[in-house]
Amino acid sequence: MKTDKNKKLKVGVYGITGCSGCQLSIIFNEEEILDLLSLIDLKAFPFIKELNIDEEFDCIILEGLVANKGDLEILRKLRRNSKMLVSLGACACTGCVPAYRHFTLKENYEHLLYKKQEELQDVEPSPHDEHVKVDYYIPGCPPDKKEILRFIKGSVRGVLPRPHQNPVCIECRRNGNACLLDEGKPCLGPITTGGCNAVCINGGFECWGCRGPTKDMNLDLMIKMLRDRGFDDRFIQDRMRTFVGLKLPMLERVMQGPKSKVLQTRFDGEKKFYE
Amino acid sequence: MQVLRLEKKRLNHFLNVVKKGFELIAPVKSDLVRFSKIHHAEEIQLTKNSYFPVKEYFFRKEETLFQFEGTRITVPAYEAKKRVFFGIRRCDLNAIKNQDIVFIRDMGDPYYKAARENSYLLGYHCNTAPSPYCFCGSLDLVDFFDLMFFDKEDHFLVEVGSEKGKSLTEKYQEFFTDSQRLITRNEKTIPGVHRLENKDISRFYDHQDWKKGADICLSCGACTTLCPTCYCFEIHDEVKTADPVKGERKREWSSCQLQEFTRVAGDHIFRKEREDRFKHRIYHQLQYFKEKYGVQMCVGCGRCIEGCPTRIDFVRILNEMKNGKTENNG
Amino acid sequence: MAKQKTTVENPYVPKPYKILEFHRETSDSFTVKADMKINHDPGQFVQVGLPGVGECPISICSDSREFIQLNIREVGNVTTALSKLEQGDTILIRGPYGKGYPMRYLKGNSLLIIGGGCGVAPLKGIIDYAENHRGDYKKLSLLLGYRSPDDILFQRELVEWKNKYHLQVTVDKNTHGKFCYGAREGFVTDALKSMDISNNNQAAFVCGPPIMMKFVIKSLKDKGFNDDQIFLSTERLMYCALGVCCHCMIKGKFTCVDGPVFRYDEIKDLEDG
Amino acid sequence: MSKTITLNHITKIEGHAKLNLKIDKGKITTCELSATEGARYFEGIVKGRKYYAAHEMTSRICGICSCAHVVAALTAVEDALGLTISEQSCRLRVLLTLAERIRSHATHLYFLALPDYLGYESALSMAPEYKPQLQAALRLMKMGNGIVKLLGGRDLHPVSAGVGGWLKLPKQEEMEETGKELLKVKKDAIATVKLFAGLKQPEFESDAEWFSLVDPNEYAVLKGKFASGKSSFEKHEYRKFIEEYHQAYSTSNFVVKEDRRYFVSALARLNNNHRQLSRDAQKALKETGLKPPSKNPYHNNLAQAIELIHCIDHAMEICKREIKQEEMPEITPRAGRGVGAIEVPRGTLWHEYTLDEKGIITDANIITPTAQNLFAMQEDIRKRMPSLLKKKKQEIVLDMEKLIRNYDPCFSCAAHFLEVKWL
Ligand SMILES: Cc1cc2nc3c(=O)[nH]c(=O)nc-3n(C[C@H](O)[C@H](O)[C@H](O)COP(=O)(O)OP(=O)(O)OC[C@H]3O[C@@H](n4cnc5c(N)ncnc54)[C@H](O)[C@@H]3O)c2cc1C
Ligand code: SF4
Ligand code: SF4
Ligand code: SF4
C-alpha cells in the first residue's frame, strides 16, 4: 500500500468547559489504552500529559462546550491547527446539561452571575458546531468508550465508522429489555440516536436522550405517547431539553401543533409513573 | 405419527433428566416471559408465550463470521452445543421452519445450520390463544416439531414429529407410555386466532390506510426484533487495538424499519418514507416471501403488535382495507 | 475461544487475490485487474473487500477467464481503502453474484449501450463480451455521458472503441475546452434524441444515475423501444450478496440474486423510492 | 529582582486552572490560584426541575466523581422528602462510592501524580520502563469501573441509583464474582502503597485544619459528623460554618470555615479516622512509617494509596452480603430542605436542595471538595514559596505543580459555580 506506515496520525486530546468524563472515557479503556498509544502519535493530552506539543494536528478530539471567552479562543485555535475536529461527548455535540441554561428562567441563575476577568467572561453555553465546522461527532454523556476506540482505530486506517443513526430502541430490544414505555415511564429511546447500547435502560433507567435526536424521529408521536402516559407538557419539554435542547428547536412548535392531538395510539399499561 | 402419553406430574422429572444430557431452554418468567437456560424444571412457565422469540438461539444477534489476520482468514468452529428446547408454540415452530428455508435450504449458512442441527424442538400446543393479538389460525401453519406436547388436564399427549423426536422418546422411554390414539385435526386448531381476514394484499399497495399505521410508527424496530421470522442483518469488520490487521467480521441483526437500512453512499435512501418502510415489512411477511418460497413468512404470533409501543395493529388495518371501512384517523 | 479451521463451504468467506494491475482512470476512480479466474456473465458483480474495512459490490467490467477487471469510484470507506492499493497487493473477493446480461439470448441483435458516469463500468463488460463474440452481434453503438472531460472513464480503450463501433461521448459541461474523443457538450438524453436509431433488432442497455436512467428510458420508448428490449442495472445497499440480508430488496426482488440486471418490464412497477 | 510565574494551563489535573505568582525582591506580592473552567451554573439550572432530576443533572458536574454527585444529590433529596432508604440500598451506595474512590485514586496516583516523582512528563511515557506498575493501575481502574458499571449501569454518570433505592439491583452471582476480583487486585493496592511510601516527599507543614466526616461505626463514607481533631458539627448546620466567596480571577468559589482555611481529602480522612481502617490497611500504614495526623499535604498521595487497600477490603465485605429483591418506594413529594454530605475521593462533598410541595427544586447549593481546598491550597503555595526562591524557575514550577497535584484538585467540580459573595 502507498500509505507510509511510519507516519502516524498526529492526535491531540483537549478539553474545554466540561466534566472531564469524556477524556476519562478514553483512559478508561483500561485494556486497550496502552496499545492504542502505539497506533497514534499523541501530541497533546493536557489532562494526563505535561508536554503538549502545539502544532499541526491530523486530528483533534475535543471535549466540552463553549462557556466562556477562553473556550472560544481555544476552540478556534484548535480548529485552525487541525485537519480534523472531532466533538467528543454531549457537551461538545449538543451542549448537554450546561446548555439547559437556555431553557431555564434567567432569575434561576442571575444571582450567580458575577464580575469576571476578561477571558472568563461568559459566552452563551453552546456546542462546537455553533462556532466552527466539526468533522465527526462522538455523542453521549458520557460517550461510549468503545465507540471512541472504534473511531481512533478506524481513523488511523482512514476508515471513519458510520455514525449511528438508529434509535436507542434498536439496541434496547436487542438487549432483551422490557419496554419502559409499556410501564408508563417516559423513555426517550424512540427519538434518540443509539450507539450507547441502551446502557440507561439496561440499568433500569429511562433514556433521557443524551445522544441527540435521530434524523428520522417521529416527534409528534413521541409527544403524544408521553401525554397518553399522563405527563404534562412542562415535563415533556424539560425532559427532552435536558441534554439536547439546542438540537430540538422545533419542540415548542410541534407541541403546539395539532398533529399529536389526533394520532390514535394505544396504551394499556399503568398511567403516570412519577408523582 | 406416533402419539405417546406423559403424566403431567412427571413432566418436571422428565425435563430434569433431559437437562442432564442437554442444555435445556424453555420459557421463564422474569420481568417478561423469555426463553432462557433452565436450572430447575420448576422455573418453566407455560401460561404465556415468550415475549421474545426463540430465534436468537439459531440466528444469533451477533455472529462472528470469521477472523482475519491480514488477508489470512480463519473460520471459527461452528457451535455444537446440544440443546433441547421445550415449550415452543406452533407459531414459533413454523417460524423456525421458515428461517430454515432461508438459511439452510437457500443459502447454506453454516452457523445457523450447526445451531439448528444440534437442537431438539419440543413444542407446546396452545389450548387457547395466549395473547389477544394472535392470528396464527389465519395463516397456513403446518406441523413442524420433533415432539409436540398437547396439554390434557392431568397428562400430555406427545406427538412424535421426526426421527430426532423419536430418538428422544426412546432415550427417555421410561417416562412415556403409548397413548393408543392419534391427535385429531380438531385438537390442533386453536380457538380465537383467526383475526386476519385479508390475506392476499397484492391489490392494496396504494391504499390510503397504510398511513394509519405509518403515522403512529416510531421506526423503533421493536417489531422486527421481536418477530420470530424476520432475518435481515448487517455485516461489519472489527479490528484489534493491539494490531489492526487482526480482527473479525461480524454479522448482526438489522431492521427494515430503519432509514439506515437502505442508505447508500452519498446519503441516498431508497425507502426514506416511514410509510414505505412499514409497508415493506408487511409485504415481505405476507407477499414477497410467499412469491419466493411458496409460504407466507408471517406466522401470526402477534408479537410485532404486542411489542409495538403504540400497538399498531396491522391485522386490523388490513381487515379494514378489505372491508372498505376507512375510519377517519385525522 | 477454541477456533479451528473447517472445511465446509462457507458462503461468507472471501478468497485472496493478487492485483495484477492498478490504473487510475480519473481523479476519483480507478481500475483494478485481479487474478481471479472465473466464468461469469457480463453484468455480474463480485463482493470486493479489505479485512478490517469491509466489503462492497462492484461489477465486473471485463470479459475474460484469466482475470477480472473492476472499475471503482471512491465514495466511501471500502472504495477509498481500495484506492490506496497498488499492483501486487492482495484483496479479498467473493463471487461472482447476480444475474448478468442475457447475452446469449440476444445473439443476432444490434446492441445499444447507454451509460452515465460510473454506470459505464458494468457496460464495459458487454463491450468486451461483444468483442470476444464479434460474429454474434450486429452493430454496436455506444453512448456514454459524463459530467466533464475529467470524468471520462476507460480513456485507454476509447480510441479502439471509436474505431470499431459507433461511439458518442457527451459531457454535461466542457470545463476546459479539451474536446477529446469527439465528445459533445450536452446530456446523453439529447444525444440519444438526435440519434438515428430504431428498435429494430436492437437491445438497449442502460446504466447510470437514477435520474439519467429515467430520462433515457423515456427517450428510448419515444423511439419505439419496447419494455422488454431495455435492460437496466440497479444498485442497492447490500451486505451478503446471497439473497438473505434483505437490504437490496426491491418489492420482493433481490438485486443481488434476481438482478442487478433487470429487463425493464420486470421491474418497471417495482420502484419503491 | 522580580519574578513572575504564570502557570497558564496546569496539566494533569481535572479541569482547567491557573496559577499567578508575582515575586518582588524576595517577597510574594501576588499568589492567585484559580479555576479557568467555564462557569456552568448547575445550581441555577436545576432550579425549577423536579426532585428526581437533581442527581441526573448534577452528575454532569464531574466525570471522575459522578457517582459522588449522584449519591450526594440523592441523599440530599431524600433528606428533603423525609425518605429513609433500606439498609441494602445504603450499603450498595457505599459500595458505589468506594468503587469510584478506587478508580479515582488509581487514576490520580499513577496517571497524574507519579510521573512528577519519577521524572516523566506523563504516565504514557513511563510505559516502557514501568509497564507492570501501569498495568497494576489499569487493573485497579478496571476494578473500580467494573463495580460502578455493575451497580450503576455504566462507568460514568451511573443511572441505576434512583431516589429511594435501586432501579436495578446487581445479581448475587455478579456480586460474588466481584468479590473474587477484588481479592485479586488487592495485591496491586498493596504494591501501590509500597511504591508511594518509597517516594521522597518534601518536608512541609500546612497551617490548615483537616476536616472529614467522622462516624463512630466505620471509616466514614456516607454518614457522620463533619469534624476535625478540634471541632465538629452536624451536616444540617453547615451553613453556619462554611462560607463561600468569590474572586474575579476565578470561576470557582473559595470556601473558608469561620474565616479559617481547612482541607478535606484522603489525608484528612486518614488523619481523623485512621483507627477505623481495615486491618490490612492499618498494617500497610504502619509499614510506611507515616504517623497520622500528618500536616504535610504531600502525604495525601500516600493516604490515597492506603485508602485503596481499605476500600478494597470494605468493598469485599459488602460483596459477601446477600442481595434481596426490593421495590422502589412510592414517593409523595413534599416541601422541605435536605442536605447530603458524603466522603468522595477528594474529600467531603455537600449538596443541599430546597423543594416546594410539588417536589420542585427552589434552591440548590453544592460545595465540592476542591472548592473547599482552593483557598488552603493557595495559601500553602504562598507559604512554601520562600523556601524555593533560590531555585531555578523551572524547578519552582515543577514543585508548585507537584504541590497542586498532591491535593488532587478537580476544577471541573469546583467551577460548577457556587454562590457569590463579593469581596
Ligand atoms: C450490483 C452493484 C454493482 C456495483 N458496481 C459498481 C462498480 O462497478 N463500480 C463502482 O464504483 N461502484 C459500484 N457499485 C456501488 C458500490 O458498491 C458503492 O459505491 C460502494 O458500496 C460504496 O462503498 P463504500 O464502503 O466505499 O462506501 P460507504 O458509504 O462507506 O459504505 C458503507 C457500506 O455501505 C454499502 N454501500 C454504500 N453504498 C452502496 C451502494 N451504492 N450500493 C451498494 N452498497 C453500498 C457498502 O456495502 C458498505 O458496506 C455497485 C453496487 C451494486 C449494488
Ligand atoms: S425502553 Fe425505551 S429504548 Fe427501550 S424499547 Fe422502550 S422506548 Fe425504546
Ligand atoms: S440511553 Fe439515552 S440517555 Fe442513556 S446513554 Fe443512551 S442516549 Fe444517552
Ligand atoms: S414496533 Fe411499531 S413503532 Fe416500532 S417500528 Fe415497528 S411498527 Fe413502528
Side-chain angles (χ1 to χ4, degrees), chain B residues 64-78 102-103 106-111 113-114 205 230-240 244-249 251 254 256 260-266 268-273 276 279-280 283-284 287-292, chain C residues 1-18 47 49-57 73-80 89-92 209-210 234-255 257-258 269 271-273:
Chain B
T64 299
L65 297 175
F66 53 78
Q67 271 106 11
F68 51 78
E69 186 175 346
T71 46
R72 235 193 52 228
I73 290 173
T74 332
V75 180
Y78 306 122
V102 176
F103 284 110
D106 196 3
M107 72 160 305
D109 180 282
Y111 315 93
K113 194 154 163 257
Y205 196 82
C230 277
Y231 58 87
C232 59
F233 58 79
E234 290 171 13
I235 297 178
H236 299 286
D237 282 12
E238 223 168 78
V239 296
K240 298 235 172 350
V245 305
K246 290 189 198 161
E248 41 192 35
R249 184 159 292 173
R251 172 180 83 185
S254 165
C256 62
E260 280 303 277
F261 196 77
T262 54
R263 188 192 301 268
V264 294
H268 183 75
I269 301 167
F270 287 96
R271 277 190 292 275
K272 197 173 172 110
E273 296 307 317
D276 290 332
K279 223 153 59 169
H280 176 84
Y283 271 86
H284 191 201
Q287 186 181 323
Y288 305 154
F289 195 84
K290 187 164 182 167
E291 283 167 4
K292 187 161 178 175
Chain C
M1 280 188 293
K3 307 288 178 194
Q4 71 190 52
K5 252 200 151 95
T6 41
T7 45
V8 188
E9 193 56 42
N10 185 322
Y12 297 100
V13 176
K15 290 198 179 71
Y17 296 96
K18 276 251 156 352
Q47 285 285 98
L50 284 172
V53 186
E55 284 187 318
C56 66
R73 201 159 72 101
E74 290 160 55
V75 293
N77 281 336
V78 181
T79 46
T80 307
D89 284 342
T90 308
I91 46 174
L92 298 177
T234 48
E235 240 184 53
R236 281 291 187 279
L237 177 63
M238 52 180 71
Y239 286 97
C240 70
L242 305 163
V244 187
C245 79
C246 294
H247 290 261
C248 72
M249 201 199 278
I250 317 173
K251 286 205 187 168
K253 291 258 191 295
F254 283 86
T255 308
V257 294
D258 302 320
D269 301 328
E271 273 323 308
D272 62 348

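Protein chains get the first letters and strands the later ones, always in sequence-line order, with residue 1 at the start of each. Everything quoted here is computed from the prediction, not taken from an experiment.
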Arg263(B) portion near chain C, given a 4.5 angstrom heavy-atom threshold: backbone
Residue pair Ile73(B) / Pro14(C), side-chain heavy-atom distance below 4.5 Å: yes
Phe270(B) side chain reached by Leu237(C) side chain, heavy atoms, under 4.5 Å: no
Cation-pi check, Lys253(C) onto Tyr288(B) ring (under 6.0 Å, within 45° of axis): no
Interface moiety of Phe289(B) toward chain C, non-hydrogen atoms closer than 4.5 Å: neither
pair Phe68(B)-Pro16(C): side-chain heavy atoms closer than 4.5 Å: no
N-O pairing of Arg249(B) and Glu55(C) below 4.0 Å: yes
Smallest separation among heavy atoms of Pro11(C) and Pro110(B), with atom names: CD-CD, 3.8 Å
Chi angles and distances behind the side-chain contact (heavy atoms from CB on, under 4.5 Å) call for Asn10(C), Tyr111(B): CA-CA 9 Å; Asn10(C) 185 322; Tyr111(B) 315 93; 2.8 Å; yes
Contact class of Val78(C) relative to chain B, heavy atoms under 4.5 angstrom: neither
Per-residue contact mode, Glu234(B) against chain C (heavy atom under 4.5 angstrom): both
Beyond-backbone contact of Arg251(B) with Tyr239(C), side-chain heavy atoms, under 4.5 angstrom: no
Which portion of Phe261(B) sits near chain C, non-hydrogen atoms under 4.5 angstrom: both
Full working for side-chain contact (heavy atoms from CB on, under 4.5 Å) between Asp237(B) and Leu50(C): CA-CA 9 Å; Asp237(B) 282 12; Leu50(C) 284 172; over 6 Å; no
Lys18(C): side chain to side chain contact (heavy atoms under 4.5 Å, CB included) partners, not counting sequence neighbours: Asp35(C), Thr90(C)
Pairs of heavy atoms under 4.5 Å with chain B: top-ranked of Gly54(C), Gly52(C), Gly49(C), Pro210(C): Gly52(C)
Close side-chain approach of Cys246(C) and Cys230(B), heavy atoms under 4.5 Å: no
Check: Val75(C) and Val264(B) side chains under 4.5 Å, non-hydrogen atoms: no
Proximity breakdown for Thr71(B) and chain C, heavy-atom pairs closer than 4.5 Å: both
Inter-residue atom distance Cys232(B).SG - His247(C).NE2, 0.5 Å rounding: 5.5 Å
Close side-chain approach of Asp109(B) to Val244(C), heavy-atom, < 4.5 Å: no
Chain C contact via Phe233(B) - side chain, backbone, both or neither, heavy atoms under 4.5 Å: both
Test log, rule side-chain contact (heavy atoms from CB on, under 4.5 Å), inputs Lys251(C) and Gln287(B): CA-CA 9 Å; Lys251(C) 286 205 187 168; Gln287(B) 186 181 323; over 6 Å; no
